[in-house]
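Hydrogens, waters and symmetry mates play no part in the numbers below; they use all other heavy atoms, side chains included. Letters A, B, ... mirror the listed sequences (proteins, then strands); counts begin at 1. What you see is a predicted model, and the numbers here were worked out from it, not measured in a lab.
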There are 2 protein chains.
Amino acid sequence: MRTRDEQKELTIREKALEMIVEQGFDGFSMQKLAKAANVSPGTLYIYFKDRDDLIMKLWETQMKNMSDAILYNFDPEASFEEGLRVQWMNRARYLIENPLSMQFMEQIKYSPYHHVSLTRLDNNFLDMMRKFAHNAIKRKELVKLPIEVYWSMAFAPLYQLVKMHITGRGMHSGPEKFVLDEKTMNMTLKLVLKALRPT
Amino acid sequence: MRTRDEQKELTIREKALEMIVEQGFDGFSMQKLAKAANVSPGTLYIYFKDRDDLIMKLWETQMKNMSDAILYNFDPEASFEEGLRVQWMNRARYLIENPLSMQFMEQIKYSPYHHVSLTRLDNNFLDMMRKFAHNAIKRKELVKLPIEVYWSMAFAPLYQLVKMHITGRGMHSGPEKFVLDEKTMNMTLKLVLKALRPT
DNA sequence: TTTATAAATGAATGAACATTCATTTATATT
DNA sequence: AATATAAATGAATGTTCATTCATTTATAAA
């Protein structure tokens with residue numbers, strides 16, 4: 001019996017991610033993917049049921065990797081300032097080290113593929129995020145507000161900065177690339193903490 | 001001589017926008033668009049050079065509409081608080097009233113189509129936004145910070161809330177739809193102002 | 001009313017698409 | 001070494017794709 005080639009599947013997934021990010025879902029075809037991964041088109045259907053299954057599995061893996069990275073060293077019982085700082089660093093590090101992952105997830109977010117049902121994992125992750133916020137409110141380290149407002153204030157600025165860093169397109173007029181360094185991140189985190197700290 | 005049918009072009013553009021938002025660039029084809037707009041495939045090529053031209057023109061129009069809406073009643077010489085409030089209301093109103101526009105622009109942002117060169121209009125718009133921020137810093141109504149940090153703090157939370165409103169997917173655990181009302185918006189704007197006000 | 005011209009048509013073209021399947025290849029098990 | 005089995009192949013299938021073009025239709029200008 002011939003055995004499954006783990007490396008082959010990894011190559012397929014990697015090339016697929018690259019193709020989708022570079023050429024969009026539009027320019028992503030099974031035949032081009034087969035060529036890029038150095039396998040025959042038929043081989044793709046051994047590892048994945050069909051094109052949609054491949055895209056969905058790609059998405060699930062990226063989500064898993066990202067949430068693992070976010071939870072690294074994170075304790076939902078930690079103080080708000082400490083917990084938020086850990087999450088900012090984790091999110092920024094992961095996204096900057098995995099720009100393809102970020103661009104793929106952004107692309108899928110507003111596409112029809114996003115209508116994949118949430119897995120148990122996602123719900124656990126969300127529960128943890130909510131618990132952290134509720135803890136902080138209870139301890140009066142965080143102003144009392146709807147969870148969506150908290151989420152928007154706490155993370156949207158960071159994601160905006162990371163997106164600018166990855167695309168290189170900032171807001172300045174010249175041709176210089178925007179680079180998100182630690183100083184800029186700390187400055188922004190300080191502003192966010194100021195907004196969210198009870199007076 | 002037969003004349004150009006303005007209404008026909010509008011219908012084509014409208015249906016194209018709907019199709020792209022509902023089915024992605026993937027599911028968007030010239031033949032399906034022709035059927036949806038009740039014209040023959042050939043007619044599409046009278047109004048648009050090709051598929052890419054159609055998508056690009058769609059994008060330009062949406063950008064123009066959006067920046068017009070943002071600048072409505074906006075004065076870059078106004079006080080920071082007043083100017084930011086006007087922009088928040090303008091942005092929120094436009095996006096909530098034009099959810100297709102928002103979803104289309106989000107979809108294009110991370111696709112290969114985004115590599116369209118900025119028009120003069122965009123640059124004027126950006127100049128105005130920068131001028132507003134610089135004025136506010138000069139007047140000590142806004143903390144001194146890099147323009148990208150300002151941008152991330154000032155607008156990313158709003159956009160996050162609008163996105164949740166349009167998709168209906170908030171952060172809560174139940175099946176209730178998230179709705180961005182005026183109270184929630186004012187609450188968030190207050191937090192943003194708190195963060196950005198010099199101490 | 002006639003004429004000139006651009007809009008509009010839709011069948012046709014060839015390329016690219018996702019997927020299948022009869023066949024071949026590699027290898028774990030015996 | 002023989003066998004069984006799943007991986008891997010790649011040509012083939014039928015569909016859909018973007019785009020073209022000879023033809024027809026509507027209408028502004030004469």
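Straight-line distance from the CD1 atom of A:Ile46 to the P atom of D:dG10: 12 Å, rounded to whole Å. Between the NZ atom of B:Lys35 and the C1' atom of D:dT16 there is a distance of 12 Å, rounded to whole Å. Look at CD1 on A:Ile12: it is 11 Å from C1' on D:dA7, rounded to the nearest Å. The distance between atom CZ of A:Phe25 and atom C1' of C:dA16, rounded to the nearest whole Å, is 19 Å. Atom-to-atom, CE of A:Met1 to C1' of D:dA8 comes out at 14 Å; the value is rounded to the nearest Å. In this structure, A:Asp52 places its CG atom 10 Å from C1' of C:dA18, rounding to the nearest Å. Counting to the nearest Å, the C1' atom of C:dT19 and the CG atom of A:Leu33 are 14 Å from each other. At whole-Å resolution of the value, CZ in A:Arg51 and P in C:dT19 are 8 Å apart.
For A:Ser40 and D:dA8, the shortest distance from a side-chain N or O to OP1 or OP2 is not below 4.0 Å. In terms of phosphate contacts, B:Ser29 brings a side-chain nitrogen or oxygen within less than 4.0 Å of OP1 or OP2 of D:dA18.
Ring-centre distance between B:Tyr72 and B:Tyr94: not below the 6.0 Å cut-off. For an aromatic pair to be called close, the ring centres must be under 6.0 Å apart, and A:Phe104 with B:Tyr110 fails this.
Put simply, the side chain of A:Arg2 and the base of C:dT25 share a donor and an acceptor less than 3.5 Å apart.
Toward the 5' end of DNA chain D, the nearer of the two residues B:Asp26 and B:Gly42, judged by each one's closest nucleotide, is B:Asp26. Map B:Asp5 and A:Tyr45 each onto its nearest nucleotide of DNA chain C; the residue landing nearer the 5' end is B:Asp5. Residue-to-nucleotide proximity on DNA chain C shows that, of B:Lys8 and B:Gln31, the 5′-proximal contact is made by B:Lys8.
Nucleic acid contact class of A:Phe48 (heavy atoms, under 4.0 Å, all strands): none. The residue B:Thr43 sits close to a base: some heavy atom pair falls under 4.0 Å.
Of all the heavy atoms in A:Leu180 and A:His165, the pair that sits closest is N-ND1, 2.8 Å. For the pair A:Gly27 and A:Lys32, the tightest heavy-atom approach, listed with the atom from each and the gap, is O-NZ, 2.7 Å.
Residue B:Thr3 places its side chain closer to D:dA28 than to any other of D:dA28, C:dG10, D:dA7. With C:dC17, C:dA8, D:dT19 as the candidates, the nucleotide lying closest to the side chain of A:Lys32 is C:dC17.
For A:Glu60 and A:Lys64, the salt-bridge test fails: no basic side-chain N is under 4.0 Å from an acidic carboxylate O.
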